[in-house]
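Here is the structure we will look at, set down as structure tokens.
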Amino acid sequence: MKNITLLPDGSINVSLENIQSVGIENIFDVVSHRILRDGDTTTHQIELVDGGKVNLSYHKNKLIKFENHLIGLTITKKNEIIIRKYSEPVD
């Protein structure tokens, strides 16, 4: 199954079912990190130095939600999401 689909409006859709882990490229870019637990569901709310935000939740070791705003990210061949602060593309 494909992990990423480019939608007609230019946004992307990421299939969460194959994602194995989520990491941060540079821990020094993190301004705040809040962890919330509700039963078997854990949510991480992360804010980066440039105002980027990530809100992700997992339930019983499966990623069930990944929302982001103004971040850069890479999905590796091992189905890992690596987040980083947003930077403009270089020409």
Side-chain angles (χ1 to χ4, degrees):
M1 176 177 215
K2 291 171 65 175
N3 282 335
I4 304 173
T5 305
L6 182 60
L7 301 176
D9 66 359
S11 63
I12 62 169
N13 182 39
V14 178
S15 171
L16 299 181
E17 63 190 47
N18 295 325
I19 298 300
Q20 299 298 310
S21 66
V22 178
I24 299 170
E25 184 177 81
N26 186 346
I27 196 70
F28 297 112
D29 290 337
V30 175
V31 172
S32 68
H33 179 200
R34 184 174 178 200
I35 302 171
L36 307 167
R37 290 189 173 85
D38 182 14
D40 290 335
T41 301
T42 302
T43 299
H44 292 263
Q45 298 171 335
I46 303 165
E47 184 175 354
L48 303 177
V49 294
D50 60 354
K53 295 180 182 179
V54 175
N55 187 14
L56 64 96
S57 297
Y58 58 91
H59 179 78
K60 296 185 178 182
N61 294 324
K62 291 289 184 184
L63 189 62
I64 58 172
K65 180 170 82 171
F66 185 86
E67 299 174 339
N68 65 84
H69 179 70
L70 292 175
I71 67 161
L73 67 83
T74 301
I75 299 178
T76 70
K77 291 180 181 180
K78 295 181 180 179
N79 293 326
E80 305 160 322
I81 296 176
I82 307 298
I83 62 171
R84 65 183 171 282
K85 68 181 182 177
Y86 179 79
S87 60
E88 292 291 330
V90 178
D91 291 333

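Hydrophobic clustering of Ile, Leu, Val, Met, Phe, Trp and Tyr side chains at less than 4.5 Å, counting indirect connections, unites I81 with I27. Cluster membership check: V49 does not share its hydrophobic cluster with F28, using side-chain heavy-atom separations under 4.5 Å among Ile, Leu, Val, Met, Phe, Trp and Tyr.
A donor-acceptor contact shorter than 3.5 Å is absent between the side chain of E25 and the backbone of G23. Within the 3.5 Å criterion, the main-chain N or O of K60 finds no donor-acceptor partner in the side chain of D40.
Note that the CG atom of N61 and the CD atom of Q20 stand 10.5 Å from one another [nearest 0.5 Å]. To the nearest 0.5 angstrom, L36 atom CG is 5.0 Å from Q45 atom CD. Interatomic distance, L48 CG to K53 NZ, rounded to the nearest 0.5 Å: 10.5 Å. Taking CD1 of I46 as the start and CG of L56 as the end, the distance is 5.5 Å to the nearest 0.5 Å. Taking CG of L70 as the start and NZ of K85 as the end, the distance is 13.5 Å to the nearest 0.5 Å. To the nearest 0.5 angstrom, T43 atom OG1 is 8.0 Å from D38 atom CG.
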Please determine whether side-chain contact (heavy atoms from CB on, under 4.5 Å) holds for the pair I64 and T41, giving the CA-CA distance in whole Å, both sets of side-chain angles, and the decisive distance to 0.1 Å. CA-CA 9 Å; I64 58 172; T41 301; 4.1 Å; yes
Assess the residue pair K65 and N55 against the criterion (side-chain contact (heavy atoms from CB on, under 4.5 Å)); give the C-alpha distance rounded to whole Å, side-chain angles, the decisive distance to 0.1 Å, and a yes or no. CA-CA 8 Å; K65 180 170 82 171; N55 187 14; 3.6 Å; yes
Between H44 and H33, is a side-chain contact (heavy atoms from CB on, under 4.5 Å) present by the stated rule, with each step listed? CA-CA 7 Å; H44 292 263; H33 179 200; 2.7 Å; yes
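Annotation for Y86 and I71: closest pair CD1-O, 3.8 Å, computed over non-hydrogen atoms.
Within the 4.5 Å cutoff, side-chain heavy atoms of N68 are placed close to those of L73.
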